[in-house]
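Read through the structure below, which is laid out as structure tokens, and then see the notes.
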There are 2 protein chains.
Amino acid sequence: MKETDASSKFALLGMLSICPGSGYDIKKLVQASIGYFWSESYGRIYPVLKELAKKGLIQPERRQGNNGRGRQSYAIKKEGMQDLRQWLEKSPRVEPNRSELLLKMFFSRLAPVEVTSAHILERKAVEERNLASYNRVEEQHRKDHTKNPELSYWLATVSYGRHRSRAIVDWCNETLATLSQIQQQLKERNKK
Amino acid sequence: MKETDASSKFALLGMLSICPGSGYDIKKLVQASIGYFWSESYGRIYPVLKELAKKGLIQPERRQGNNGRGRQSYAIKKEGMQDLRQWLEKSPRVEPNRSELLLKMFFSRLAPVEVTSAHILERKAVEERNLASYNRVEEQHRKDHTKNPELSYWLATVSYGRHRSRAIVDWCNETLATLSQIQQQLKERNKK
DNA sequence: AAATGCATGTAACGCGTTACATGATTTT
DNA sequence: AAAATCATGTAACGCGTTACATGCATTT
């Protein structure tokens, strides 16, 4: 492991700033709370936690928890909080959004129309499932944290997800219409 | 280089399926035509092109072009077209959309409100610039290719960009409003 | 006792970026 | 001739995923 200053580090620090926990806990928390725009894998979590501990940003704590289960837990330290705050000040990078769906779309003249439609239908289904899940996430957030502005920020991220998924679904519908037009044209051309 | 079956390979094949060219040409073409949802770096382009040639998917051609400039050019072969078509049939993977902006947003209770607003304003500006550029891209596409369904597919990808950027700008506005409310509340709390 | 699942971790690998190096061509 | 920029490439590195390994706890 090299000196990491990537966002994984701060995702972990941030989660620990909400509540202490183990790598396993963090993984679940990430998935449940920000899973629609972030992910962390064990392969990163554990090494980064170790490094953060070595740097004195978080405090490892042997935990012989409630039921005797679970083991290595961490709590964030003042130094970690400071690091996190500093990171928050810096402009977030604009991530290049590579979309394989769009790439295929761009070359779709080489594929049967039905195949392209199928891909879009699939994606539409995914985003509709996402839309449904945002309601659950929002409920959970409202339960977990009633205090402002904490909650406001969380709800804003959920709203982002909704805007995003809604936009994609709209595009899917629009594009499905276009595709059926194309298919219509091909049929008529074949008749002649 | 190991056996790659990643999308870079197919992005290159796809571009060569439109017109033959060098690595440099491809880089520019990618940027101009699908730059808003895809990117390729020289560090990938050149090795992958070599590998594709070795596999017999594309044909290397010494080019002593119009003006004596440019060197190693490639043209796609039947085998390459076949590979490309096969790839098009497969369901595109749903890419995890990691957003650093959203991550910061989620932890923003730890930062001054003005900083968060600034980040959002920046992103908003970026997306508004993107929105403007889609018009230019669309114009270019209409000029380059009038034949259907080629053009339809290309315009569909542009439309995706618009939906996406529009959604983000909307969210930015909404969130900026939320933030100024939060700031208002903080001010009033300080008065007391 | 065996099987399943929980929790923690490691190793290896591929992708993609960044930074650097180099020649060839055009511009000044 | 010098400077700039075009064009091609390589090397190194970091990030993140995947697959694997391992023990402990719980269930059957």
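Letters A, B, ... mirror the listed sequences (proteins, then strands); counts begin at 1.
Between the CG atom of L12(B) and the C1' atom of dC15(C) there is a distance of 13 Å, rounded to whole Å. I26(A) has its CD1 atom 13 Å from the C1' atom of dA7(C), to the nearest Å. Rounded to whole angstrom, the span from the OH atom of Y24(A) across to the P atom of dT8(C) amounts to 8 Å. In this structure, E40(B) places its CD atom 12 Å from P of dC15(C), rounding to the nearest Å.
Closest approach of I26(B) to L12(B), counting heavy atoms only: CG2-CD2, 3.7 Å.
At the phosphate of dG16(D), OP1 or OP2 sits under 4.0 Å from a side-chain N or O atom of S8(A). Between S73(A) and dA7(C), a side-chain N or O to OP1/OP2 separation shorter than 4.0 Å is absent. Under 4.0 angstrom from either OP1 or OP2 of dT8(D) there lies at least one side-chain N or O belonging to S22(B). Proximity of R98(B) to the phosphate of dC15(D): no side-chain N or O atom is located under 4.0 Å from OP1 or OP2. A sub-4.0 Å separation between OP1 or OP2 of dT8(D) and a side-chain N or O of K50(B) is absent.
Checking each of W38(B), Y153(B), W154(B) against F106(A) for a ring-ring contact (aromatic ring centres under 6.0 Å, His included) leaves exactly one that passes, namely W154(B).
Around CD of E95(A), the count of heavy atoms belonging to other residues, nucleotides or ligands within 6.0 Å exceeds 12.
Proximity note for Y42(A) (side chain, C-beta onward) versus dT8(D), dT8(C), dT17(D): the nearest is dT8(C).
To the nearest 0.5 Å, atoms NZ (K104(B)) and CD1 (I120(B)) are separated by 12.5 Å.
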